[in-house]
Amino acid sequence: MSEGTQTGARIESQLRRDWSPPVVWRQLRKPVFVPAILLIVALTTFAIVYSQTGGDAFTVLNQAITGGVGWWYILAASAFVIFALYVGLSRIGSIRLGRDDEEPEFSTVSWFTMLFSAGMGIGLVFYSVAEPLSHMTTPPERAGVEPATADAGRLAMDLTLYHWGLHAWAIYVVVGLGLAYMTFRRGRPLSIRWLLEPMLGRERVEGWMGHTIDVVAIVGTVFGVATSLGLGVQQIMAGFEFLGWLEATPGLSIALIAGVSGLAALSVVSGLDRGLKWLSNINMSLAALLAIFVLALGPTLVILQSMVANTGSYIASLPGIGLETWPLATDGWAGAWTIFYWGWWMSWAPFVGMFIARISRGRTIRQFVFGVLLAPTIIGILWFSIFGDSAILRQLTEGDMLVDGEVDTNTSLFHLLETYPLAAITSVLAIVIIVFFFVTSADSGALVVDILATGGATTTPRLTRLLWVAVAAGAAGVLLVVGGSEALTALQTASIATAVPFSIIMVLACVSLLRAFHYEVANTPRYMRARIASGGGLQLGGDAPAAPEPAPRRSWRREISTTFAGLSRREEEPAPAAPSGEFLVALHEVPSAAVDLDADGVATLDEERVVQDPIAGEVFDTPEFAASQAAVDLEQAEAEARADGAGDDADPDASQRPGGDRR
């Protein structure tokens, strides 16, 4: 067969796999796909029925979640920050999310723009002006500050950065880090369920428990994306009205969702390396251009001072505000802001976390944590300082940023841009940025849900990607239209409701991952360079290395000595002399609980009490496993076993030598 014929056959096979409904149906994991679709349809129908009957189900559900589990959301979010900092700063941070010799798949710039566009896109533009103004004019009643004052403005920035800073991205770190580790280092399929394998074991993860976890993740992702799309459509329509182009109507909202989802469909079909990567880079460039424009033409010196002051104030207030639940408040502020945000981030965590994991292959845990945790937080401080402080200063000096005495969330950004030159051009630029964030959110969300629905396959059919774009767009359109004047409340409630079960899964995932991480750390040697005047060893820079003495065989109980007095010495085999030089020593730490000392100072190591791999011995017939560090370790272990077997066959008395049954 000619090369051209082979290429044509491969293309035909790929097209059949991507576009043939029977082939696509066989690739879907039915116990996950079918319940997820039914649950999404049921929740959407629930919204329609209660809207037509005049029910207030969304408000009731929102109050129940806020009053019942709000404290849990706040506690869990702060715990995720501690978890992220711990794994990033400890020895765990040196573990690579892939093979030990693997390099990052994407450049740092492209990696950052993609994760930032997927993680905060529309919301960052939507709330850039509205949230700081809202907190300043209506601060929490228990905060003890006078509304619409400079002190209220300072508190407003602290609260805004609290909602968009370390806590938000720590939620993404938990899921993204766990998925990247379990898939690219340990060879598991790219699916939420495998985060709990070190705790539950493979059998439970592949059973109904795992199916339930993935269904919750899919539903949470769809409604989380729907929330973002609903916010984006509201602001796009507000921009059109502000410019005098079109009037906001339900028909226009449906048309906007359909149009932008069409662009997302084109992007998702083009693949991760082209459509989404290009859109993310372009969009971040446009957003940076808008921020520089406001910084340059606004109160530049005040904004620069605010950036420094906001950073210090945010860090100083974080320990107290991070655990503040406002227990005696009656204004509903916490439910409308903090609890909504944590529910929103958690509902987005499967989507953003899996997407960040997909693009983070080859990075170390430390690079991952501080890239995902700190870089977006710094950008958020700059962004909100530019837009938020500009709006606060304008309101304090001119008092013209409110509409009928209140903050109009949909139009506040356009009101700020109106106070600058070229308002029409910058308003159009803001709408374009929102549309692009709209596209990247729908695109990456469809990709992530498709991965979950196919059982963790990193390469999925184009047909199912398009299906999930349509599902997310349909959910956003229905909820937005059904909600009417309460559209935002409906979208918020749908988002935080799906986060209730997933928050529990995330906490369990932290415990589960720490078990796997601690095993890796316990079995990763520390290398030290030593200098000797004479003797044997591995030479670095010497003339020639001496032939190393065969390593002693390992037994279940290994003898070591704290003074070397208890180690046997074979006088008949003196160590060969070698030139002076340097050599490397690999030190493996062992827990003190696994070591027994006798009266002579001889220490005995009990292998059974050493940290054990909670997911050892599992093999997967997947490309991810074949390319993972787990496969490399398995191959090395099998090679050592074959070598040991050959040695034992050649020397039947080997098991009687001091040191055990392995050389």
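For the single chain, residues carry numbers from 1 onward in sequence order.
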Tell me if a side-chain donor or acceptor on [X] pairs with a main-chain N or O of [Y] at a distance below 3.5 Å.
X: R366; Y: I95; value: no
X: T364; Y: Q367; value: yes
X: S78; Y: L75; value: no
X: E618; Y: I615; value: no
X: R29; Y: A453; value: no
X: R193; Y: D214; value: no
X: S512; Y: L508; value: no
X: Y73; Y: T338; value: no

Which atom names give the shortest non-hydrogen contact between [X] and [Y], and what distance separates them?
X: A84; Y: A170; result: CB-CB, 4.5 Å
X: L166; Y: Y314; result: N-OH, 3.1 Å
X: A168; Y: W342; result: N-CZ3, 4.3 Å
X: P350; Y: F502; result: CG-CZ, 3.4 Å
X: P198; Y: P614; result: O-CB, 3.7 Å

Using 30° and 60° as the class boundaries, would you call the ring planes of [X] and [Y] parallel, tilted or perpendicular?
X: W344; Y: W348; value: perpendicular
X: W111; Y: F368; value: tilted
X: F384; Y: W164; value: tilted
X: F625; Y: F620; value: tilted

Under a 4.0 Å threshold between the charged nitrogen and the carboxylate oxygen, would R185 count as salt-bridged to D100? yes
query: Salt-bridged, E105 to R358, with N to O below 4.0 Å?
result: yes
Residue set satisfying salt bridge (Lys or Arg N to Asp or Glu O under 4.0 Å) with E197, at least two apart, ordered chain then number -> R188
Salt bridge (Lys or Arg N to Asp or Glu O under 4.0 Å) filter on E102, not counting sequence neighbours, yields R99, R361
Evaluation steps, side-chain hydrogen bond (donor to acceptor under 3.5 Å, both in side chains), between T183 and W194: CA-CA 8 Å; T183 298; W194 296 104; over 6 Å; no
* Can we call the ring centroids of Y162 and H167 under 6.0 Å apart? -> yes
Handout entry: Check: Y181 ring centre within less than 6.0 Å of F517 ring centre
Key = yes
The side-chain contact (heavy atoms from CB on, under 4.5 Å) partner of L177 among I92, L97, L513 is L97
Going through the distances and angles, do R186 and D613 end up as a salt bridge (charged side-chain N to carboxylate O under 4.0 Å, His left out)? CA-CA 11 Å; R186 305 307 297 265; D613 187 355; 2.5 Å; yes
